[in-house]
Undergrad: 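Sharing a structure below in structure tokens format, with a few things to ask.
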Number of protein chains: 2
Amino acid sequence: MSSDKEVTIYDIAKRLNISPATVSRGLQDHPAISKKTKKRISEMVDEMGYRSNHFARNLRQKQTNTIGVIVHELNSSFITSVLAGIEKVSTEAGYDLIITHSSESVKKEAANAKNLFHKRVDGLIASLAFDTNGLDHFKPFVQKGVPVIFFDRVEQDGDSTVVVIDNVQCGYMATNHLIEQGCKRIANITSSLNRNVYAQRHKGYQDALFDHGLPFDKNLLIIDNLSEQGAISSALQVLKLKPLPDGIFITNDFVAAVCMKVFKEHGLRIPEDIAIVGFNNDAISKLVEPALTTINYSGMDMGMIAARNLIGHLEGVSNIHHTNTIVIRSELIIRKSSLKGG
Amino acid sequence: MSSDKEVTIYDIAKRLNISPATVSRGLQDHPAISKKTKKRISEMVDEMGYRSNHFARNLRQKQTNTIGVIVHELNSSFITSVLAGIEKVSTEAGYDLIITHSSESVKKEAANAKNLFHKRVDGLIASLAFDTNGLDHFKPFVQKGVPVIFFDRVEQDGDSTVVVIDNVQCGYMATNHLIEQGCKRIANITSSLNRNVYAQRHKGYQDALFDHGLPFDKNLLIIDNLSEQGAISSALQVLKLKPLPDGIFITNDFVAAVCMKVFKEHGLRIPEDIAIVGFNNDAISKLVEPALTTINYSGMDMGMIAARNLIGHLEGVSNIHHTNTIVIRSELIIRKSSLKGG
DNA sequence: TTCTGAATCGCAACCGATTACATAAAAAGT
DNA sequence: ACTTTTTATGTAATCGGTTGCGATTCAGAA
């Protein structure tokens, strides 16, 4: 309603009988302005309730001090901690964040990218959607020289900088652990093999089988779409296998939790009948019963590193075009869902 | 790298031998521009790779077509669905969104508010942090006439418009259900009673006890801080009660899930020894064992309604100052965690 | 007292789009 | 053929900061 006129540096200048340029410089703590003048300006700013106009500033400077973020979903503790990491670093460096999510759809991902591009973010940090195939919608950024860093879900196109974990090794660790527990017939429930993370985890799974002389049975590979419904049908698909597998590597904790529920409803005991290993160490992995063995890696670190590299590049202290892949540490957390020995 | 100069409407005008004003009007589909000219403009726009400059536009129009959102956390399916609802409505209406989260801290909430204020969002939708007390940090919006709508976690200060559920009734329903299951000694694990939602749910709990002639024992009221650690100590606190309660109304699904885990570890059977009702129908409520009885309400609806009212106000078709409280439908979903009868 | 350089500050031209107002051209009316 | 509308486009001011360059002031040196 009310909304008195906005006060500008011109209003302040007039009241102080100085020029707007001086006010502007005073506000930026420019060395050419005397302390006395700065103090008078800052007092008048408070008195008149001035707020700077980002638009005028950005228009002039062609720089927004804003970083765009695109994630595939918000509702996992992993993503939340990545965001926390990005936020910590960028806030300290004086950058704002615009966070968007694609709901696992390329279409929305592209729309978000376009939007952030028009908002003229100084840089972009993104994790790809489930069905993203190709990086065309990020081309405009590359063309205008706006730096882009991908994390976790990335596209292996060689050109862009990525922050990831060693998914092959993780898949190997998980599968190897199941083998050590005595599993002979290990299934792999994972998601679209077009997504790097799932393809690589699956490769690790295969490698581990191979190294232990176990055959790879393609009937034991089940592709899931990460939804609750999808997880249920993946579980049912497992139940139809004859003989049943004695271990499953499921590359997503939520899916693993849903599967466990279905298995238990069908009278299977975990881990006795089927040992299970999940992925991501999501909050849910500790709450299901039995607690879920899973792969843990620090979202916070991943976020911080991505942000730090991006900002380093923006400020000219480093250059992301010299770095191609940054690998974060990851580990297997063993809980009851996979401990056959007892 | 590269980054050729940005192309502006002046460049387009020059190439087409028309004035920038015509280009601007053509881009806005202004009726005073002929179809022929519009076509030429749009072709040249594509050819030259023009992108409009939001800053120049906003500077001139003093309007951003952007709505700010502040939520307390991102990692719950409830909040995610609220965001989806807000997004649906605002995208259709042509508004952009800037989503921020306060990590349950007033301090960050205030910082976000300040930031969004300086970014000059046209309106604000917010759910308060855990420890927010007072709405002072939203004053600037009110003063400048920027509309603000709160949802779910709100402050009852009479002045602002809120979108909520009937928390008292929900608390009543939950407690009443436990009583119907034969519980005589019902605890209430909830969070800070300064937060409207928890205070009201607790009131519903008390009302239900009273209506059934059950005494209110303040030892059965446990205040939790919503963290995992907090939930664990809340559960341990329950275990120290003598005699043990035979039912608990826990006003948060995550906390309920953690508590259930602790109880089970201590040999209690759910619901036989302790019946439990949670709140929010989070994804986790279906995955724990036994499945958790809980209160369900549509985050999607809440988000859509909040956004629709805000935008309606911005476009002048409605006025949020005429509406004070909007109440969303809610329901009790009964699952095994509370079914003593079997 | 005069001169010199550092310390301060002002002038005015941007940044790119929007829009009230004026104008020119084309269509319609008499 | 001439005036009146209508249609289509141009002119120029404006939004609020930023900044290169020039001007002024003043203390200290000569």
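The model shown is predicted, which means the values in this text are computed figures rather than measured ones.
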Undergrad: What are the atom names and distances for every N/O pair under 3.5 Å that joins the protein to nucleotides 4-6 of chain D?
TA:
none

Undergrad: Looking at B/Ser19, does any N or O in its side chain come under 4.0 Å of the phosphate oxygens OP1/OP2 on D/dT11?
TA: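 For D/dT11, OP1/OP2 do not have a side-chain N/O of B/Ser19 under 4.0 Å.
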Undergrad: In whole angstroms, how far is the C1' atom of D/dT19 from the CG atom of A/Asn58?
TA: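 That distance rounds to 16 Å.
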Undergrad: Can you classify the ring geometry of A/His54 versus B/His118 as parallel (below 30°), tilted (30 to 60°) or perpendicular (above 60°)?
TA: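 Rings of A/His54 and B/His118: parallel, as their planes differ by under 30°.
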Undergrad: Run A/Glu6 and B/Arg120 through salt bridge (Lys or Arg N to Asp or Glu O under 4.0 Å) and show every step you take.
TA: CA-CA 12 Å; A/Glu6 285 291 338; B/Arg120 284 177 161 72; 3.4 Å; yes
Undergrad: What string of B, S and - do you get for nucleotides 15-22 of chain C 5' to 3' if you count protein non-hydrogen atoms under 4.0 Å?
TA: BBBBBBB-
Undergrad: So which heavy atom on B/Ser24 is nearest to which on B/Ile9, and how close?
TA: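 The pair with the smallest heavy-atom distance is CB-CD1, 4.2 Å.
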Undergrad: For the residue pair B/Phe150 and B/Phe138, categorise the inter-ring angle as parallel (less than 30°), tilted (30 to 60°) or perpendicular (more than 60°).
TA: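 B/Phe150 vs B/Phe138 ring planes: perpendicular.
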Undergrad: Starting from P on D/dG17, measure out to NZ on A/Lys14 and report it in whole angstrom.
TA: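 Answer to the nearest Å: 13 Å.
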Undergrad: Take the protein atom CG of A/Asn65 and the nucleotide atom P of D/dT18, then report the distance between them rounded to whole Å.
TA: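 These atoms are roughly 12 Å apart.
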Undergrad: Tell me which one of B/Thr66, B/Asn58, B/Ile98, B/Thr64 satisfies side chain to side chain contact (heavy atoms under 4.5 Å, CB included) with B/Lys119.
TA: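 When side chain to side chain contact (heavy atoms under 4.5 Å, CB included) is applied between B/Lys119 and each of B/Thr66, B/Asn58, B/Ile98, B/Thr64, only B/Ile98 qualifies.
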Undergrad: Taking the side chain as every heavy atom from C-beta outward, state whether B/Asp131 and B/Lys107 have any atom pair closer than 4.5 Å.
TA: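 Not in contact.
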Undergrad: Without decimals, in angstroms, what is the distance between A/Ile18 CD1 and D/dT18 C1'?
TA: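 One finds 15 Å between C1' of D/dT18 and CD1 of A/Ile18, rounded.
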Undergrad: Can you tell me if NZ on A/Lys88 sees more than 12 non-hydrogen neighbours from other groups inside 6.0 Å?
TA: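 It does not: A/Lys88 NZ has 12 such atoms or fewer within range.
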Undergrad: Compute both the distance and the angle, then confirm whether A/Arg195 meets the cation-pi test with A/Phe130: under 6.0 Å from the six-membered ring centre, within 45 degrees of the axis.
TA: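 No, cation not above the ring by the 6.0 Å, 45° rule.
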Undergrad: To the nearest Å, give me how far apart CD1 (A/Ile12) and P (D/dT18) are.
TA: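 A/Ile12 atom CD1 is separated from D/dT18 atom P by 12 Å.
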